[in-house]
Asker: 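Before we start, here is the structure in question, set down as structure tokens.
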There are 2 protein chains.
Amino acid sequence: MERKRAKSGEIRLTEVAKLAGVSPITASRFFRNPEALSPSKRERVASAAKELGYVPNLAARALASQRTEVIGVLIPSLTNNVFSDVLRGIYDASEGSRYSIQLANTRYSILQEEQLLRLFQAQKPAGLIVTGIDQTAESRAVLEAMNCPMVQIMEIGPAPVDMMVGFSHQDAEFAAVSHLVAQGFQRIGFVGAQMDPRMQRRFGGYRDAMKAAALFDPRLIMTTPVPTSITLGGTLFADLLSKAPDIDAVSCGNDDLALGVLFECQRRQLSVPEDMAIVGFNDLEFMASAVPPLTSVRTNRYEMGRSAVTMVLAAIAGNHPPEPVVDLGFQLMIRESSSPRRA
Amino acid sequence: MERKRAKSGEIRLTEVAKLAGVSPITASRFFRNPEALSPSKRERVASAAKELGYVPNLAARALASQRTEVIGVLIPSLTNNVFSDVLRGIYDASEGSRYSIQLANTRYSILQEEQLLRLFQAQKPAGLIVTGIDQTAESRAVLEAMNCPMVQIMEIGPAPVDMMVGFSHQDAEFAAVSHLVAQGFQRIGFVGAQMDPRMQRRFGGYRDAMKAAALFDPRLIMTTPVPTSITLGGTLFADLLSKAPDIDAVSCGNDDLALGVLFECQRRQLSVPEDMAIVGFNDLEFMASAVPPLTSVRTNRYEMGRSAVTMVLAAIAGNHPPEPVVDLGFQLMIRESSSPRRA
DNA sequence: CACGCAAAAGGTAGCGCTACCATTTTTTGC
DNA sequence: GCAAAAAATGGTAGCGCTACCTTTTGCGTG
């Protein structure tokens with residue numbers, strides 16, 4: 001009668017403990033570290049919990065223990081296939097650990113990122129995985145204040161907040177364009193969309209490679225801030241052709257654009273690679289099965305997700321890796337679409 | 001000196017209240033319902049919170065208030081483009097509401113789904129969005145016990161746990177195959193992968209349409225439980241051709257397979273649609289830009305995500321929709337790949 | 001100017017769990 | 001066989017916030 005607050009009506013740990021004939025704290029231990037109990041009590045608590053259908057209250061647990069078993073993941077897009085591979089690696093690596101993944105989507109917005117970071121901060125995750133190295137000063141301050149293991153993925157750079165795993169987009173694109181140069185192509189165009197920092201750095205690789213070969217010409221460049229798509233690849237390529245009809249190859253900022261370019265070539269009866277060589281970036285699954293197969297830069301996205309989680313888990317367990325920055329590199333996958341130019 | 005437990009060292013609401021010169025409960029109200037404060041106190045609390053860099057403790061809030069502001073989302077795959085559109089709709093619709101999305105990935109595993117549901121149950125989400133209508137009895141029991149608004153998406157069926165928004169995969173595939181029949185194709189193959197329940201129902205639509213036209217022949221069918229991919233589409237199509245060389249059209253269980261089939265046709269110098277008609281399912285972005293453009297069944301995935309969130313939010317606010325099952329339908333996008341057969 | 005009423009603000013007591021000891025029981029070594 | 005060490009178990013007191021209720025304040029009215 002004197003109850004001040006309506007009970008939730010759900011089974012609590014105390015009820016389980018009572019049925020099992022142990023103290024609440026023993027029951028609590030059962031859920032966190034069953035080995036600490038004697039086999040008989042362990043058995044009793046297990047069956048009591050099952051009988052009552054006990055579901056632990058995570059909020060209470062988090063409040064009392066001052067921590068959670070959540071790893072926060074911040075990525076800029078769910079639509080982009082690149083991230084789905086990373087996520088697969090993340091989910092696979094977290095499987096079997098007690099940690100669950102909390103995913104948030106910044107939609108390429110730096111402000112959204114700040115906001116989501118603050119939300120994560122309020123949740124006190126055990127670890128954090130964030131995309132890229134271009135956080136705002138504000139975001140970086142939040143990250144540093146969060147005091148949990150953290151990995152920046154997709155890129156590598158000089159000043160990790162904590163850890164990093166990625167590769168150099170600039171070097172990768174440099175390698176792709178240098179390959180085209182080595183194959184004998186001269187008027188090599190660049191098609192780019194969604195000019196986020198990673199795409200910018202890829203463009204930097206293109207620019208450097210072209211300058212190194214004394215082939216750089218701003219008229220060969222066609223970019224847009226619009227989000228990437230296959231259709232857009234065709235459009236940009238068409239625009240590029242009208243600006244520079246003499247191009248003999250195109251380096252695409254990503255594979256979607258490359259496929260769009262291929263379709264546009266088919267529409268215009270341009271044969272690939274005889275009339276137009278194509279290289280992409282990321283080596284998504286369709287690149288190898290396209291006709292002709294398309295050259296691309298393979299990036300180790302799945303492995304990136306896996307490593308990030310592994311590093312976070314190790315750090316949570318107290319084993320911070322000795323080398324905080326891991327370069328996963330890339331592989332140039334040379335296929336028919338960049339076969340040497342017949343002289 | 002008598003402290004039993006180390007304080008977390010973080011700013012608490014009490015500190016903010018003290019600095020603002022109000023009681024803790026008033027400060028609490030500021031964060032939940034600022035309008036309830038007089039303008040002067042509102043101002044004072046706001047600046048105190050800012051000055052101290054206060055971050056609310058969500059665990060404590062959830063424990064005290066017995067609820068969270070999280071909508072749980074359970075999907076079977078992050079790799080499949082179909083779901084990324086749904087997710088985009090979900091994120092867009094939740095934007096601006098106070099609710100945040102907690103995403104979990106079942107990886108097409110029913111057991112994983114059960115486990116994740118139990119995790120959600122422990123978190124007491126304010127609402128839930130789950131994929132499909134094929135939950136285990138166990139999962140369904142958990143769903144029913146959760147006592148929060150819930151939408152099943154992607155399909156519609158007779159017995160919603162709470163609400164549903166989707167369309168009939170069987171009817172959609174029936175329409176696609178009937179279209180091929182109407183165009184004059186007779187030996188229409190079916191290529192399917194990842195034979196989950198949704199794919200099974202699509203196959204049912206194919207079977208019914210073929211039987212209705214007296215064209216059904218089990219030799220025209222090529223399916224595999226292997227996860228879907230573009231490459232796989234080519235492989236399955238090649239297998240199908242060796243089993244039934246006389247086919248004149250293929251209906252593909254999804255668009256990735258359809259693109260794989262197109263590439264395989266290009267490799268074999270089969271012209272589409274003259275030698276081989278192709279239809280896909282979902283109408284992903286690349287279908288319209290392929291050469292030739294590929295016919296597909298457009299499914300309203302983005303809208304599905306949006307509607308699901310809208311319905312959950314309405315239900316949380318107490319306005320359960322009068323009609324719990326929403327059929328978003330589909331549109332047959334007829335393109336060149338299924339142009340009428342020349343007699 | 002007292003009165004009533006609504007709006008604003010505050011006091012108190014948990015929400016369900018676990019940290020931190022203290023205590024009891026069991027095992028081990030000689 | 002006994003002391004010492006180790007393992008298992010229990011009691012108490014919060015974690016930081018909000019629900020519930022009470023008290024105070026502001027303001028129009030007879």
Asker: Report the distance from atom CD of B:Glu15 to atom P of D:dC15, rounded to the nearest whole Å.
Answerer: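 My rounded result for the distance is 11 Å.
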Asker: D:dC17 P sits how many Å from A:Lys124 NZ, rounded?
Answerer: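 It is 9 Å, rounded to the nearest whole Å.
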Asker: Output all residues satisfying side chain to side chain contact (heavy atoms under 4.5 Å, CB included) with A:Thr106, sequence neighbours left out; order by chain, then residue number.
Answerer: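 Counting only residues at least two positions away or on another chain, A:Thr106 forms a side chain to side chain contact (heavy atoms under 4.5 Å, CB included) with A:Leu74, A:Pro76, A:Glu113, A:Leu116.
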Asker: For A:Arg42, report the nucleic acid contact type (base, sugar-phosphate, nothing); a contact means any heavy atom under 4.0 Å.
Answerer: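 No contact.
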Asker: Quick one: do the B:Thr310 and B:Arg306 side chains pair a donor with an acceptor below 3.5 Å?
Answerer: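 B:Thr310 vs B:Arg306: no donor-acceptor pair found between side chains.
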Asker: Base, sugar-phosphate, or nothing: which does A:Tyr54 touch, judged by heavy atoms less than 4.0 Å apart?
Answerer: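 It contacts sugar-phosphate atoms only.
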Asker: Rounding to a whole Å, what distance do you find between A:Gln123:CD and D:dC15:P?
Answerer: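 About 22 Å, once rounded to whole Å.
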Asker: Looking at A:Gln66, I'd like to know whether one of its side-chain N or O atoms comes within less than 4.0 Å of OP1 or OP2 on C:dC17.
Answerer: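 Checking C:dC17 against A:Gln66, no side-chain N or O comes under 4.0 Å of OP1 or OP2.
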Asker: Answer yes or no: is there an ion pair linking B:Lys124 with A:Glu10, defined by an N-O contact shorter than 4.0 Å?
Answerer: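 The answer is yes: the pair qualifies as a salt bridge.
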Asker: What is the separation between atom CZ on A:Phe31 and atom C1' on C:dT18, rounded to the nearest whole Å?
Answerer: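 It works out to 14 Å between those atoms.
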Asker: Return the polar atom pairs (N/O with N/O) between nucleotides 8-10 of chain D and the protein under 3.5 Å, or none.
Answerer:
from: D:dT9; atom 1: OP1; to: A:Ser38; atom 2: OG; distance (Å): 2.7
from: D:dT9; atom 1: OP2; to: A:Ser38; atom 2: N; distance (Å): 3.0
from: D:dG10; atom 1: OP2; to: A:Ser23; atom 2: N; distance (Å): 3.0
from: D:dG10; atom 1: OP2; to: A:Ser23; atom 2: OG; distance (Å): 3.1
from: D:dG10; atom 1: OP2; to: A:Thr26; atom 2: OG1; distance (Å): 2.7
from: D:dG10; atom 1: N7; to: A:Arg29; atom 2: NH2; distance (Å): 2.9

Asker: What is the distance from CZ of A:Arg12 to P of C:dC15, rounded to the nearest Å?
Answerer: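 Taking CZ of A:Arg12 and P of C:dC15, I get 7 Å after rounding.
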Asker: Whole angstrom is fine here: how far is it from CZ in B:Phe30 over to C1' in D:dT18?
Answerer: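 The distance from CZ of B:Phe30 to C1' of D:dT18 comes to 17 Å, rounded to the nearest Å.
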Asker: Tell me whether B:Glu69 is salt-bridged to B:Arg32, with the criterion being a basic N under 4.0 Å from an acidic carboxylate O.
Answerer: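 The answer is no: the pair does not qualify as a salt bridge.
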Asker: OP1 or OP2 of D:dA19 less than 4.0 angstrom from a side-chain nitrogen or oxygen of B:Arg67, does that happen here?
Answerer: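 Yes, within the criterion.
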Asker: Answer with yes or no whether the side chains of B:Thr136 and B:Glu114 bring together a donor and an acceptor at under 3.5 Å.
Answerer: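 There is such a pair between these side chains.
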Asker: Between D:dC17, C:dG16, D:dT18, which nucleotide has the shortest distance from any of its atoms to the side chain of B:Ser28?
Answerer: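 Taking heavy atoms from C-beta onward, the closest nucleotide is D:dT18.
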Asker: Does A:Val86 offer a backbone N or O that forms a donor-acceptor pair with the side chain of A:Arg301 under 3.5 Å?
Answerer: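 No; zero donor-acceptor contacts below 3.5 Å.
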Asker: Could you name each residue pair satisfying side-chain hydrogen bond (donor to acceptor under 3.5 Å, both in side chains) that touches residues 14-24 of chain A, not counting sequence neighbours?
Answerer: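 Residue pairs passing side-chain hydrogen bond (donor to acceptor under 3.5 Å, both in side chains), neighbours aside: A:Arg12-A:Glu15, A:Ser23-A:Thr26.
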Asker: In whole angstrom, give the distance that lies between atom CG of A:Leu63 and atom P of C:dG14.
Answerer: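 Computing the A:Leu63:CG to C:dG14:P distance gives 17 Å.
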Asker: Between P on D:dG16 and CD on A:Gln121, what's the gap in Å once rounded to a whole number?
Answerer: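 Whole-Å distance recorded here is 15 Å.
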Asker: Using the closest heavy atom to pick a nucleotide of DNA chain D for each, name whichever of B:Ala59 or B:Arg32 lands nearer the 5' end.
Answerer: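 Of the two residues, B:Ala59 wins.
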